[in-house]
Number of protein chains: 2
Amino acid sequence: MASPTPENPGLLDPLDAAILAVLVEDGRASYARIGARVNLSAPAVKRRVDRLLERGVIDAFTVRLDPATLGWGTEAFVEVHCTEQTSPARMRDTFESYPEVIAASSVTGDADAVLEVRAHDMRHLEQVVERIAAEPFVLRTRSTVVLNPLVRRPGPGPR
Amino acid sequence: MASPTPENPGLLDPLDAAILAVLVEDGRASYARIGARVNLSAPAVKRRVDRLLERGVIDAFTVRLDPATLGWGTEAFVEVHCTEQTSPARMRDTFESYPEVIAASSVTGDADAVLEVRAHDMRHLEQVVERIAAEPFVLRTRSTVVLNPLVRRPGPGPR
DNA sequence: ATTGAAAAAATCAGAGA
DNA sequence: TCTCTGATTTTTTCAAT
């Protein structure tokens, strides 16, 4: 999956990598400032950013919000066990309807899916988990509450 | 935790909430365009964004990158069981040294910590998990590999 | 990819509700 | 306090090289 092909040009140009590194740290950095960091003119930087957007490497420009400051201080992983032949589409549609479900994945192993849930407090978390457990295709759930967020790394991986 | 106090001003001004909604979707939206959406002038929007930054509601402006496009298509949850009296600081320092560890949390329940790991492929994932399992304070690990990312919500949550 | 100009946006100052 | 208007500065964007 990481072999350079005509379809997959290299993995990432060193210049593009440098540009992305700056943008991950400051998504509003001006093209001129980025260019100063990577020894490129502003238009050249813009051209590369546009290409990274077209290629889908950059999914979007956003803000990273602090959940705790917004009152979403309680986080948990919820393993979900489903009835036989529960389709991924069914799971996705259901879990997507919960605003508290930040992420949901079908997984290997014991459980069928793992959810990441954000709630205001324990009481709220309990309510959400109960509602999920009451879904028709859910057999049982197992919750693991986050005590301390030790590491939160922005970006998709090593650079 | 969600009650308005002098320390915790309201939860979020409706205007601020609207501004954040726009910025989550497009972190480079101009103040004028945001203002048009929320019926405010550009300087007024900037003032509020600056305050949201000061308050820490907005953690940072960033780009959201697509892990798959960058060759990080394999994702897993790794439960880690540690020896008695392993300090959170020790865990954090150790796990932070792994670029593949996107997030690490100490947790309630059976395991001591849950890691989110991104790897290039299964072989790479296996190597990383083996290295983690070989850490002095690690007793054993249990990995759950993501088959299908059903839901990925960009909202409040470091990602 | 760079330079330089034009268009757009960000930023600042002043004043009013 | 919070906002708006208008001026200034910076950045984006486009064209030509």
Practice task
Would you indicate, yes or no, if D:dT13 has its OP1 or OP2 atom less than 4.0 angstrom from a side-chain nitrogen or oxygen of A:Lys46?
Solution key: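 True: A:Lys46 side-chain N/O within range (under 4.0 Å) of D:dT13 OP1/OP2.
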Handout entry: Phosphate OP1/OP2 of D:dC2: any B:Arg51 side-chain N/O under 4.0 Å
Key =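 B:Arg51 to D:dC2 OP1/OP2: side-chain N or O found under 4.0 Å.
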Separation of [N] [atom2] from [X] [atom1] (nearest whole Å):
| X | N | atom1 | atom2 | value |
| --- | --- | --- | --- | --- |
| A:Arg47 | C:dT3 | CZ | P | 16 Å |
| A:Asp26 | C:dA10 | CG | C1' | 14 Å |
| A:Ile34 | C:dA1 | CD1 | P | 14 Å |
| B:Arg48 | C:dA10 | CZ | P | 17 Å |
| A:Asp50 | D:dT13 | CG | C1' | 10 Å |
| B:Tyr31 | D:dC4 | OH | C1' | 17 Å |
| B:Leu15 | D:dC2 | CG | C1' | 11 Å |

Mind checking if [X] touches a base, just sugar-phosphate, or nothing, with heavy atoms under 4.0 Å?
| X | value |
| --- | --- |
| B:Ser30 | sugar-phosphate |
| B:Arg28 | nothing |
| B:Arg33 | nothing |

Handout entry: Closest-nucleotide 5' rank along DNA chain C - winner of A:Leu40 and B:Ala42
Key =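 Nearer the 5' end of the strand: A:Leu40.
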Handout entry: side-chain hydrogen bond (donor to acceptor under 3.5 Å, both in side chains) contacts in which one or both residues fall within residues 20-29 of chain B, not counting sequence neighbours
Key =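 Pairs touching residues 20-29 of chain B that pass the test: A:Tyr31-B:Arg28.
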Exercise for the section: Verify the distance criterion only: is there a donor paired with an acceptor across the side chains of A:His120 and A:His124 at less than 3.5 Å? Expected result: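 Their side chains do contain a donor-acceptor pair, which is all the 3.5 Å distance test asks for.
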Exercise for the section: Could you tell me the separation between the CZ atom of B:Phe95 and the CZ atom of A:Arg153, rounded to the nearest 0.5 Å? Expected result: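 Answer for the CZ-CZ pair, B:Phe95 versus A:Arg153, is 12.0 Å.
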Practice task
Please list, chain by chain and in numerical order, all residues satisfying side-chain contact (heavy atoms from CB on, under 4.5 Å) with A:Ala60, sequence neighbours excluded.
Solution key: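 So A:Ala60 forms a side-chain contact (heavy atoms from CB on, under 4.5 Å) with B:Arg64.
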